[in-house]
Amino acid sequence: LVFGKTINILTKNQGEFNTGFTSCFVDYGKINSNLYVRHRKNGDKFISSKRNCTNSLKKLLINDKMAVTARDELILICDEQDRIVFVEGYGVDRRFKIDKDTKMAYKIDIKHHLGE
């Protein structure tokens, strides 16, 4: 396994939220386009690596009783086909998870800071 680039994202601290899922590795070979950062929008689908199901992101966040203001601040990393690769606090989408065939990986690292 070779590690490629690290994607560092610096964001304002919105409070403590699932800090264990602000850093992860994704399979470079499963990403066939550029990545970009955005917030959630209607119709987002996320295949959780941990829950073995496909949910709308909205339903997942409601089921987890996340406050609306926190939902709107979540960082998503998506590919050019607008598929969610990573959700802050939930980790990598199963479609982009590292497996035994992974040859190269990206590291995604979200850093929160205090202040304006």
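Since we're looking at a predicted model, the values are computed, not measured.
The backbone N or O of M66 lies less than 3.5 Å from no partner atom in the side chain of D64, so there is not a single donor-acceptor pair. Side-chain atoms of D27 do not come within 3.5 Å of backbone N or O of F96 as any donor-acceptor pair.
Taking every heavy atom of both residues into account, S33 and Q81 meet most closely at OG-OE1, 3.8 Å. In plain terms, the two heavy atoms of E73 and E88 that are nearest each other are O-OE1, 4.1 Å. I98 and A105 make their closest contact through CD1-CB, 3.8 Å (heavy atoms, listed as atom of the first residue, atom of the second, distance). Smallest separation of non-hydrogen atoms from I47 and D93: N-OD2, 2.9 Å.
Under the 4.5 Å side-chain criterion, counting only non-hydrogen atoms from C-beta, L74 is in contact with L61. By the 4.5 Å heavy-atom criterion applied to side chains, Y106 and L35 are counted as neighbours.
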* What's the verdict on side chain to side chain contact (heavy atoms under 4.5 Å, CB included) for F46 and L76, showing C-alpha distance, side-chain angles and the deciding distance? -> CA-CA 10 Å; F46 178 67; L76 309 180; over 6 Å; no

* To do: Any chance you could lay out the side chain to side chain contact (heavy atoms under 4.5 Å, CB included) test for R71 and I62, step after step, and finish with the verdict?
  => CA-CA 9 Å; R71 293 179 214 164; I62 289 170; 3.6 Å; yes

* Applying side chain to side chain contact (heavy atoms under 4.5 Å, CB included), run through I84 and R38 and close with a yes or a no. => CA-CA 10 Å; I84 296 174; R38 68 169 171 84; 4.3 Å; yes

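Residues passing the side-chain contact (heavy atoms from CB on, under 4.5 Å) test with K59, sequence neighbours excluded: N55, S56, N63. Residues meeting the salt bridge (charged side-chain N to carboxylate O under 4.0 Å, His left out) test with D99, sequence neighbours left out: K30.
Annotation: the span from D79 atom CG to Y36 atom OH amounts to 7.5 Å, rounded to 0.5 Å. Note that the CD1 atom of I31 and the CZ atom of R83 stand 8.5 Å from one another [nearest 0.5 Å].
Under 4.0 Å is where a charged nitrogen must lie from a carboxylate oxygen, and between K58 and D44 no such pair does.
Atom CG of N42 has 12 or fewer heavy atoms from other residues, nucleotides or ligands within 6.0 Å.
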